[in-house]
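All values below come from the heavy atoms of this structure, side chains included, with hydrogens, waters and symmetry mates left out. Lettering follows sequence order; numbering is per chain, from 1.
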Amino acid sequence: MEKKALRSVQKLVVIGGSSGSLEALLTMLPKLRADLPLGVVIVLHRNNQSDNALVELFASRTSLIVKEADEKDILKAGTIYIAPPDYHLLLEQDGSLSLDASAKVNFSRPSIDVTFSSAAAVFGKYLTGILLSGANSDGANGMAIIKKKGGRIIVQDPNEALVAYMPARAIKENDVEEVFGALELAELINSISN
Amino acid sequence: MIAPDELEALLLDILEHYGYDFTGYSRASLTRRVHAFFVKERFKNYAAFRERMLESNIYFIHFVEEVTVNVTEMFRDPGFYKTLRENILPVLATYPFIRIWHAGCSTGEEVYSMAIILKEAGLLQKSLLYATDLNQRVLEKAKAGIFPMSQMRLNSENYLHSGGRQEFSGYYTANYNFARFDKSLSDKMVFSTHNLVSDSSFNEFQLILCRNVLIYFDRELQARVLQLFDRSLDSLGFLALGSKESLKFSAIAPYYSQIENKEKIWRKKR
């Protein structure tokens, strides 16, 4: 299924988060190694004001490149792509990004489920999905699909998460084995080799 | 789930059978929506799906309506409409007659938004708004000018943020769960099916709006559609795209300049 040679990066980490996840990300980002050989996509629930504040905030905390995802962007290793407000972010088979302004999923656009399941269809076992703090059930279905396609699923420890509902829900529904705090999550991402 | 090669076969069958060409659509999003349709309609397998699709024109129209994205709202991205009001309409006001094309208008919310700002600028009487979509059903909804009441709070908030100063509820009559928009707005609208993939230029306009349509197309189709818009724009006309769409990298880019603020509006240089 996974046509390895066709994609611009071989492995992808997709991180989803809702309320309380910003804090976790601000802890994780400074710890990520500068020569990360993976693509990183972040899907956050946020208000619809399209501005660069979030990109700038993240960029100030990491030596990796941070950009808001544009349609047809080709994934590059060592770059962090943020889903733009009010669009779903999907992955194409060649590892490029697509945007979709269709209906909200789980009351959310971008929806974590949409990106997780789309990424799972392209990256299969080379995908790692990480779900952070949140008050919504978005992400739980997407994690099930990542798992089904052979990918790895990791959840922020609900005891540490500012809002436990979303990670707790994902753990309950998916029998997640890997549950970690934000600092350990960064270490885990660093340890994924090419 | 439909396998990628099954989807490709289906797209070719649809093209041959109905003349609708979806082969230039971005696959991730199209696959997701075709799959959702497949599940919703409870097909057992691809063969059954394909057979149903090819046996009935009515069913195919239903399919088109379901797999094309028809999510829209009035004054979506209020800052964009504010820019239209403040920077673009004053230019259009200098023309004796204003022709505007909403390409891919879906259920028409943006066309009514445009009619409202034209009316408030005193320009609606000399304007004509052409609203097209490949999808017959959504055009019928657009023509009727009847929208769910549940959307009106969002629409009204957007309207205010776009610089609207009137009472938004003055533009419609509330009727149970629906809002019927004033006929004086739709009098200046012309609705017609038009497929950006296969149909040609049909007039010349001073302003073309095509927002959140190109994101569903691959690069080649995007390029073709932009050429179509280029052929359909008067010199010094305006082209407005969605907030994540751009003329950057396109062949027509050298002949256009983006307006000064960051909204996705380009002006044809000559």
Side-chain angles (χ1 to χ4, degrees), chain A residues 1-3 6-7 12 14 41 47-52 67-75 81-105 107-111 113-124 141-142 145 148-149, chain B residues 1-5 7-8 25-37 39 66-73 75-80 104 106-107 109-110 151 154 157-158 161 211-223 241-246 248-250 262-264:
Chain A
M1 185 79 195
E2 298 91 34
K3 292 169 197 157
L6 287 179
R7 295 194 307 264
L12 182 69
V14 186
V41 168
N47 67 28
N48 288 342
Q49 304 314 315
S50 189
D51 60 48
N52 265 325
K67 80 178 292 280
E68 190 173 271
D70 280 306
E71 58 121 14
K72 303 200 176 28
D73 271 352
I74 308 281
L75 282 177
Y81 300 86
I82 316 283
D86 221 17
Y87 290 88
H88 296 304
L89 174 63
L90 298 101
L91 278 291
E92 299 286 346
Q93 287 295 336
D94 63 0
S96 65
L97 302 176
S98 271
L99 299 176
D100 176 324
S102 61
K104 292 181 179 182
V105 174
F107 311 102
S108 310
R109 187 176 51 224
S111 151
D113 275 346
V114 169
T115 304
F116 275 9
S117 54
S118 163
V122 175
F123 283 87
N141 285 337
I145 293 168
K148 198 173 141 197
K149 298 269 180 187
Chain B
M1 185 85 194
I2 299 170
D5 54 338
L7 179 69
E8 297 310 313
Y25 279 54
S26 292
R27 290 301 189 269
S29 171
L30 183 64
T31 302
R32 177 172 164 257
R33 280 174 279 121
V34 171
H35 179 64
F37 181 80
V39 171
E66 294 282 323
V67 299
T68 52
V69 175
N70 291 300
V71 176
T72 174
E73 62 196 54
F75 297 95
R76 181 174 186 161
D77 307 324
F80 168 80
S106 188
T107 41
E109 278 83 341
E110 296 207 339
Q151 291 292 312
L154 173 68
E157 279 170 13
N158 285 349
H161 288 132
R211 306 183 67 224
N212 293 319
V213 176
L214 296 179
I215 50 172
Y216 302 113
F217 297 166
D218 66 22
R219 279 231 190 275
E220 194 192 326
L221 180 53
Q222 285 179 344
L241 303 177
S243 64
K244 293 298 287 180
E245 294 163 335
S246 176
K248 209 164 55 175
F249 310 127
S250 79
K262 285 188 227 143
E263 294 298 339
K264 297 299 174 72

query: In Å, rounded to the nearest 0.5 Å, how long is the span from CZ of B/R219 to NZ of A/K72?
result: 6.0 Å
- request: State, yes or no, whether a side-chain contact exists between B/S26 and A/E92 at a heavy-atom distance under 4.5 Å.
  value: yes
field: Closest heavy-atom pair and its distance - B/K244, A/D70
entry: NZ-OD1, 2.9 Å
- prompt: Between CG of B/D77 and CG of A/D86, what distance do you get to the nearest 0.5 Å?
  reply: 7.0 Å
- prompt: Given a strict heavy-atom distance threshold of 4.5 Å, which part of A/L99 is in contact with chain B: side chain, backbone, both, or neither?
  reply: both
message: I need the A/S117 OG to B/H35 NE2 distance, nearest 0.5 Å.
response: 9.0 Å
Shortest non-hydrogen contact between B/R32 and A/V105, atoms and distance: NH2-CG2, 3.4 Å
- line: What one should report as the nearest heavy-atom pair of A/Y87 and B/S243 is OH-OG, 3.1 Å
field: Qualifying residues under side-chain contact (heavy atoms from CB on, under 4.5 Å), relative to B/L221, sequence neighbours excluded
entry: B/Y25, B/V197, B/F217, B/D218, B/R224, B/V225
task: State which residues pass ring pair (Phe, Tyr, Trp, His ring centres under 6.0 Å) with B/F75; sequence neighbours excluded, sorted by chain then number.
output: B/Y81, B/Y159
query: Which pair of heavy atoms, one from A/A101 and one from B/V71, lies closest together, and at what distance?
result: O-CB, 3.7 Å
query: So what's closer than 4.5 Å to chain B heavy atoms on A/S102: side chain, backbone, both or neither?
result: both
task: Could you have a look at B/G242, B/S29, B/G79, B/A28 and say which one has the most heavy-atom pairs with chain A under 4.5 angstrom?
output: B/A28
